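We number each residue from 1, following the sequence as shown. Values below: all heavy atoms of this structure, side chains included; hydrogens, waters and symmetry mates excluded. Quantities reported herein were computed from a predicted structural model and do not represent experimental measurements.
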Amino acid sequence: MGGETSGGKAGRSGAADALTGERRGDASDWAHRLAILILLPVKVLTAAFALAGALHPTAPRYRGKAMRIRAVGYAAALALVPAVHAARRARGPYPAGADLAVSVPMLIDAAGNALGIYDQARLDDVVHGVNAGVLSSLFGAVISTRMKSRRAATAATIAFGVIGELGWEGMEYIGQAVGFRGMALSEDDTLGDIGSALVGTAFAAAVTWTRWRPAAEAPLADWGESSPADLNRSATGPT
């Protein structure tokens with residue numbers, strides 16, 4: 001019996017690749033539709049909790065927590081991804097996953113305060129960790145193609161997460177100093193917030209390290225590997 005021809009093998013391999021790609025596409029479409037469905041109630045609930053806090057800032061569960069300032073922050077976070085998407089005039093599908101990742105921590109924060117369980121459930125640590133992970137990951141995705149090495153992109157992501165968290169802690173202490181004493185700041189609370197944010201930042205750094213790709217104009221990628229531009233030149237011969 002003769003062996004299978006290379007053309008038959010290639011045909012079967014191509015069909016298998018096409019089927020795998022189709023399955024991945026179906027999974028991606030399903031995840032995108034699910035994110036869109038979840039996104040609307042998340043944003044509506046966050047806005048409702050934020051409005052309640054802004055309208056009743058002296059209620060016991062809100063007192064001293066700068067709820068009107070927080071409401072502005074919630075609104076800015078909810079509008080961040082839509083604004084960036086509109087500014088870029090992107091033609092691809094709406095980045096529902098990124099929008100959901102930014103919006104969910106806002107919902108946790110707003111709901112925790114509205115339901116009066118923020119301090120008891122240590123939701124503050126969760127919010128700090130998730131926010132640092134999400135925002136640093138998005139930052140890493142934006143700057144990666146502009147960085148010449150994997151190390152540089154990862155270091156920039158870490159710096160963004162650490163500086164952002166320290167800046168936020170500084171603003172909390174300024175808020176307490178000017179009269180917002182309901183935040184119950186303490187050394188343990190601050191260390192817990194920073195620790196959670198560092199965990200989130202470490203996750204973002206790992207994501208940036210894994211997903212980094214050299215830009216076409218980069219002379220060398222990390223580890224001394226040639227960039228796509230160099231490989232293309234070597235394949236076509238000297239110019």
Find out whether [X] and [Y] are in side-chain contact, i.e. whether some heavy atom of one side chain is under 4.5 Å from a heavy atom of the other.
X      : Y      : result
Tyr173 : Thr190 : yes
Asp125 : Asp193 : yes
Asn131 : Trp168 : no
Val104 : Val134 : no
Phe139 : Leu135 : no
Met106 : Arg70  : no
Pro60  : Arg63  : yes

Legend entry - Trp209 side chain vs Thr154 backbone, donor-acceptor pair below 3.5 Å: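 Not a single qualifying donor-acceptor pair exists.
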Inset, instruction - Check whether any side-chain N or O of Lys43 sits under 3.5 Å from a backbone N or O of Leu78 as a donor-acceptor pair, and report yes or no. - result: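 Yes: the side chain of Lys43 pairs with the backbone of Leu78.
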Legend entry - In one Ile/Leu/Val/Met/Phe/Trp/Tyr side-chain cluster, 4.5 Å: Trp212, Ile143: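 Looking at the clustering, Ile143 is in the same group as Trp212.
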Inset, instruction - Following the transitive rule for hydrophobic clusters with a side-chain heavy-atom cut-off under 4.5 Å over Ile, Leu, Val, Met, Phe, Trp and Tyr, establish whether Leu55 and Val72 coincide in one cluster. - result: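 Cluster IDs for Leu55 and Val72 differ.
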Compare every heavy atom of [Y] with every heavy atom of [X], then report the nearest pair and how far apart it is.
X      : Y      : value
Thr157 : Ser136 : CG2-O, 3.5 Å
Ala54  : Met67  : N-CB, 4.5 Å
Phe49  : Ala114 : CD2-CB, 3.4 Å
Asn113 : Arg61  : O-CD, 3.5 Å

Legend entry - CA sep, side-chain torsions, deciding dist, call: Ser137, Thr208, side-chain contact (heavy atoms from CB on, under 4.5 Å): CA-CA 7 Å; Ser137 294; Thr208 301; 5.9 Å; no
Legend entry - Stepwise side-chain contact (heavy atoms from CB on, under 4.5 Å) test for Val207 and Arg211: CA-CA 6 Å; Val207 171; Arg211 298 187 64 185; 3.8 Å; yes
Inset, instruction - Answer yes if the ring centres of Tyr62 and His56 are under 6.0 angstrom apart, and no otherwise. - result: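 No, the ring centres sit 6.0 Å or more apart.
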Legend entry - Of Leu45, Ile38, Leu39, the residue whose pairing with Ser103 passes side chain to side chain contact (heavy atoms under 4.5 Å, CB included):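 That would be Leu39; it is the only one of Leu45, Ile38, Leu39 passing the side chain to side chain contact (heavy atoms under 4.5 Å, CB included) with Ser103.
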